[in-house]
Number of protein chains: 2
Amino acid sequence: MLLYFSMSKIKSAPVCKIEIVDEGKVKKARKLISNSDEIIDIAEIFKLLGDPNRLKIVLALLHRELCVCDLAAVIDSTVSAVSHQLRLLRNARLVKYRKDGKMVYYSIDDEHIAQIINITKVHVKES
Amino acid sequence: MLLYFSMSKIKSAPVCKIEIVDEGKVKKARKLISNSDEIIDIAEIFKLLGDPNRLKIVLALLHRELCVCDLAAVIDSTVSAVSHQLRLLRNARLVKYRKDGKMVYYSIDDEHIAQIINITKVHVKES
DNA sequence: TTAACATTTGCACAAATGTTCAAATGTTAT
DNA sequence: ATAACATTTGAACATTTGTGCAAATGTTAA
């Protein structure tokens, strides 16, 4: 007979020995975070907004579309650095772009972003 | 006579030569992101939520308080790793803790976090 | 065609980050 | 006192990340 243990970390998943109800707690909490793929996707959005320069880009774009060159001027960085960051934001579909001749105009591609940032702003101001 | 140029990057802050209105655009956008300290604080929150394991910790704690050991079991990590992450979340006042004997129970210390995460979840599901 | 401009891209590199391990701290029970 | 347990902490390590540079791409104008 074979016994299988599903533990991704060999070290085992410890459950405290105190309090007999613990195991129920843990199982319930595990279910809440069972959708690992979704969590990774959500974390990806937060990670992108978690860099000050990228956040500045997003904040600037929330007001109106801007070309790469102007964005660099706005956040006081280089065109190259901004372009690198825009690629990440593009891949996550947080921004979209529109080409006009040699210019590329970027804008926000998500209706919720302003909301997310504003709520977080409230948090920061309160603490 | 001395001339001062306020450019933190020596490379200059380029403004595209096309479109004469650009300078106005840039100045307006600059004002929107002028509160650099606040932006850094907001980015800090996002950065913390931007790690899948830390986000799992927060999601688990949103449901109910948990001790470090159980948290480790829930997110399938080690006690040490969880403790390190909790320190970061503590420093940013995203979580608080309560001591009971040798146990330390952590819980969410911010009313907005659930809101922020839920809105982001909507974004992810829509794309 | 060439020149000028806007943007993108690949590489290199330093800085930041997350995890592991081992040791330290603190608490409870024996 | 010692032993057992829960948590924290510091150091080491590999990985990730953001930026600068230079070259490449693409577009417009001369």
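Computation of the quantities below employed the complete heavy-atom set of this structure, encompassing side-chain atoms and omitting hydrogens, waters and symmetry-equivalent molecules. Quick note on labels: first sequence line is chain A, next is B, and so on, each numbered from 1.
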- Query: Separation of A:Leu89 atom CG from D:dT17 atom C1', in whole Å?
  - Reply: 14 Å
- Message: Does a side-chain N or O of A:Gln85 approach OP1 or OP2 of D:dT19 to a distance below 4.0 Å, or not?
- Response: yes
- Task: Rounded to the nearest angstrom, tell me the gap between atom CG in A:Asn91 and atom C1' in C:dT8.
- Result: 13 Å
- Does CZ belonging to A:Arg98 count more than 12 external heavy atoms closer than 6.0 Å? yes
- Note on the structure: On a heavy-atom basis, the closest approach of B:Val82 and B:Ala72 is CG2-CA, 3.7 Å
- Rounded to whole angstrom units, what separation is found between the CG atom of A:Asp100 and the P atom of D:dT28? 8 Å
- Message: In this structure, how many angstroms lie between the P atom of C:dT19 and the CG atom of B:Leu71, rounded?
- Response: 13 Å
- Query: Any donor and acceptor pair, going by atom type alone, linking the side chain of B:Asp100 with main-chain N or O of B:Met103 inside 3.5 Å?
  - Reply: no
- Message: Nearest whole Å is fine: how far is C:dG18 P from B:Lys56 NZ?
- Response: 14 Å
- Plane angle bin for B:Tyr106 and B:Tyr97 - parallel if under 30°, tilted between 30 and 60°, otherwise perpendicular: tilted
- Contact letters for nucleotides 2-16 of chain D, in which S counts primed atoms plus P, OP1 and OP2 and B counts the base, heavy atoms under 4.0 Å: ---BSBBBB------
- Just by modelled atom types, is the B:Lys31 backbone N or O under 3.5 Å from a matching donor or acceptor in the B:Ser34 side chain? yes
- Message: Rounded to whole Å, how long is the line connecting atom CZ of A:Phe46 with atom P of C:dT17?
- Response: 18 Å
- Is it true that a side-chain atom of B:Ser83 and a backbone atom of B:Val79 form a donor plus acceptor pair closer than 3.5 Å? no
- Query: Quick one: B:Arg98 CZ to C:dG26 P, roughly how many Å, whole number?
  - Reply: 20 Å
- Query: Does B:Asn53 have a side-chain nitrogen or oxygen under 4.0 Å from the phosphate oxygens OP1 or OP2 of C:dT19?
  - Reply: yes
